[in-house]
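Okay, structure first, notes after.
Counting starts at 1 for both ligands and their atoms, following the listed order. Please read all numbers here as calculations on a predicted model, not as lab measurements.
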Amino acid sequence: MTDSTYDVAIIGGGPGGYVAAIRAGQLGMRAAVVERGALGGVCLNVGCIPTKAILHSAEVLDQSRESARIGVVNRDPQLDWDGVMGHKERVVSQLRSGVAGLLKKHKADVHQGVGTLLSPTSISVAREGNTQTINARHIIVATGSAPRALPFAPIDETVILSNTGILSLKEVPKHLIIIGGGVIGVEFASAYRSFGAEVTILEALPRLVAVEDADISAELLKAFKRRGINIQLEARVTGVERTEQGVVVTCTDTGGTSQQLTGDKLLLAVGRAPLTKGLGLEDVGVQTDQRGYVQVNSSMQTSVPTIYSIGDCQIGERAPTPWLAHVASAQGVLAIEHIAGHAVVPIDYTKIPACTYCSPGIGSSGLTEAEAREQGYDVKVGRFPFSANAKAMIQTERTGFVKVVADARHDEILGVHIIGPGATELIGEGVLALTHEATGESLIHTIHAHPTLYEALAEAGHGLFEGPLHL
Ligand code: NAD
């Protein structure tokens with residue numbers, strides 16, 4: 001009789017889970033993926049991919065409006081909303097079939113349904129009243145996260161929206177109000193402003209994208225204001241009322257003055273929470289924290305040795321790990337390699353890229369200047385503005401800068417922070433520099449082609465010493 005036990009069963013087919021299944025296949029393991037929705041998870045279906053498809057349409061529209069400045073007359077560029085939605089849907093569906101194909105290629109079985117842990121080595125999968133049991137030597141919990149709601153503003157996905165509802169609007173709202181000026185808030189503010197909506201961001205903290213270096217937040221604020229986006233920082237939202245036309249949002253500023261804003265759509269972008277309720281974690285002895293995150297060690301192993309957890313639903317020893325698709329995928333690969341008995345190197349969460357695809361875009365990795373100072377480094381900073389970069393000038397995209405944070409004593413690069421053209425791609429060089437513990441000197445000794453946007457990194461490197469060459 002053949003053994004029907006899988007080597008690994010993964011609950012959740014997002015960028016953590018499906019990548020783990022592929023890696024398992026590569027290492028000769030039999031993997032099963034249990035997924036209640038569409039393969040690809042939030043990232044592929046209602047997150048990174050469709051959002052970036054919409055942002056790309058917004059960027060091309062902006063470029064068409066500006067193209068006469070460089071001799072390409074594109075009279076009266078029009079927004080075709082169905083076309084924007086169509087592009088987004090085609091990309092998502094193509095990538096979704098791609099994931100299914102990759103799982104098939106690596107001989108991973110997909111079990112459609114809701115997975116629940118039955119024991120340290122078994123899962124029940126429920127679908128339309130039927131239940132089946134899957135046995136596996138190891139289990140990976142990769143169930144992800146869901147948008148956090150505010151108690152006074154329940155998400156209905158028609159007027160009060162999460163990142164899901166905002167991706168499928170029938171038309172561009174007249175006034176989009178966004179609560180939260182983090183990654184999701186600024187990306188949608190950027191896209192819908194390009195599409196012609198009035199946009200207001202209400203952010204509780206004193207700056208936008210507050211996890212970024214303070215100089216990046218300040219530059220984004222300046223650029224967004226120039227684009228006509230209304231921004232209220234240190235805003236305290238006290239109430240949301242649904243009306244026939246949309247919503248009325250009541251908020252208070254730092255001086256205690258209360259005001260009411262009327263909009264036709266409201267986006268809630270106030271963070272996310274782990275999706276771990278009802279999974280049976282407690283019943284099989286898996287430890288979670290009080291917010292519901294699964295607790296793992298640096299090999300992604302939970303308190304039950306046969307059960308691992310990766311992605312947004314888990315929390316490591318150096319909590320919290322960032323909620324990013326590429327982090328979930330890296331954790332998936334690591335968990336599988338650990339299961340396979342490989343010697344694994346723990347992920348260094350201080351050196352991962354964070355990219356925000358608004359306009360201007362942001363790419364960053366490593367310590368911010370403030371964090372480096374807090375950690376006791378003798379900090380030196382090199383900066384270079386895109387306004388002095390030839391390629392940025394050619395592209396007529398002169399907003400932003402590159403900022404390199406380094407340790408003055410040993411010259412080690414501690415952080416790279418970019419805002420401006422190509423930032424989300426350029427950060428690749430920064431991540432490589434950080435991963436290989438590069439110094440400011442090695443950055444300037446790396447020959448950068450001319451004219452390129454990435455010359456700005458070398459110039460910021462020169463800024464750590466005698467100053468940039470072209471400034
Ligand atoms: P976030 O944590 O990035 O930002 C939430 C913001 O909302 C914070 O600035 C917070 O101060 C503010 N806030 C919270 N409560 C508020 C209130 N009551 N009133 C006003 N402001 C309030 O969270 P997000 O933007 O919802 O994104 C969730 C996660 O998804 C992010 O952490 C990110 O890792 C991930 N994500 C990544 C990308 C990307 O990589 N490009 C894109 C989208 C989402």
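- Residue-ligand proximity, Tyr357 to ligand 1, at heavy-atom distances under 4.0 Å covers atoms 41 (N).
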For residues 170-181, dump all side-chain donor-acceptor pairs below 3.5 Å to protein atoms at least two apart in sequence or in another chain.
unit_1, atom_1, unit_2, atom_2, d
His175, ND1, Thr262, O, 2.8
His175, NE2, Thr200, OG1, 2.7

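- More than 12 heavy atoms of other residues, nucleotides or ligands sit less than 6.0 Å from atom CZ of Arg65.
- Of the protein's heavy atoms, Trp323 CE3, 4.1 Å lies nearest to atom 31 (C) of ligand 1.
- Counting heavy atoms under 4.0 Å from ligand 1, residue Arg236 does not touch it at all.
- The protein atom (non-hydrogen) at minimum distance from atom 18 (N) of ligand 1 is Leu150 CD2, 3.8 Å.
- At least one test fails for Arg398 against the ring of Phe386: distance under 6.0 Å to the centre or angle within 45° of the axis.
- Contact annotation: for Lys52 versus ligand 1, heavy atoms closer than 4.0 Å belong to the side chain alone.
- At least one heavy atom of Ala269 sits less than 4.0 Å from an atom of ligand 1.
- Listed by number with element, the atoms of ligand 1 under 4.0 angstrom from any heavy atom of Arg148 are 14 (C), 15 (N).
- Among all non-hydrogen protein atoms, the one lying nearest atom 2 (O) of ligand 1 is Gly271 CA, 4.3 Å.
- With a 6.0 Å radius and a threshold of 12 heavy atoms from other residues, nucleotides or ligands, Arg242 has its CZ atom above the threshold.
- Note that the CZ atom of Arg227 and the OG1 atom of Thr399 stand 10.0 Å from one another [nearest 0.5 Å].
- At the shortest separation from atom 4 (O) of ligand 1 among protein heavy atoms lies Gly182 CA, 3.3 Å.
- Other residues, nucleotides and ligands contribute at most 12 non-hydrogen atoms within 6.0 Å of the NE2 atom of His56.
- Ring geometry for Trp81 against Tyr192 counts as tilted: the plane angle lies between 30° and 60°, on a 0 to 90° scale.
- The single protein non-hydrogen atom nearest to atom 30 (O) of ligand 1 is Arg272 CD, 3.7 Å, given as residue, atom name and distance.
- Relative to atom 38 (C) of ligand 1, the option among Leu267, Leu205, Val183, Ile178 with the closest non-hydrogen atom is Val183.
- More than 12 heavy atoms of other residues, nucleotides or ligands shown are found within 6.0 angstrom of CD on Glu157.
- Not one N or O of Thr356 is nearer than 3.5 Å to an N or O of ligand 1, by distance alone.
- Nearest protein neighbour of atom 43 (C) of ligand 1, counting heavy atoms only, is Ile184 CG1, 3.3 Å.
- Cys355 counts as a contact of ligand 1, since one of its heavy atoms falls under 4.0 Å from the ligand.
- Closest to atom 21 (N) of ligand 1 among all protein heavy atoms lies Ala204 N, 3.1 Å.
- Residue-ligand proximity, Ile179 to ligand 1, at heavy-atom distances under 4.0 Å covers atoms 17 (C), 19 (N), 20 (C).
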- [ ] Evaluate the criterion side-chain hydrogen bond (donor to acceptor under 3.5 Å, both in side chains) for residue pair Asp213 and Thr368; output intermediate values, then yes/no.
- [x] CA-CA 5 Å; Asp213 188 278; Thr368 63; 4.7 Å; no
Open item on the list: salt bridge (Lys or Arg N to Asp or Glu O under 4.0 Å), that's the test. Do Lys403 and Glu369 meet it? Break it down for me.
Closed with: CA-CA 9 Å; Lys403 173 174 175 178; Glu369 186 180 344; 2.7 Å; yes
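- The environment of Phe195 atom CZ is dense: over 12 non-hydrogen atoms of other residues, nucleotides or ligands sit within 6.0 angstrom.
- Of all protein heavy atoms, the one closest to atom 8 (C) of ligand 1 is Glu203 OE1, 3.5 Å.
- Of all atoms in ligand 1, listed by their number and element, those nearer than 4.0 Å to a heavy atom of Leu202 are 20 (C), 21 (N).
- Interatomic distance, NZ of Lys52 versus CD of Glu59, reported as 12.5 Å (0.5 Å rounding).
- The part of Leu324 lying near ligand 1 is the side chain, judged by heavy-atom distances below 4.0 Å.
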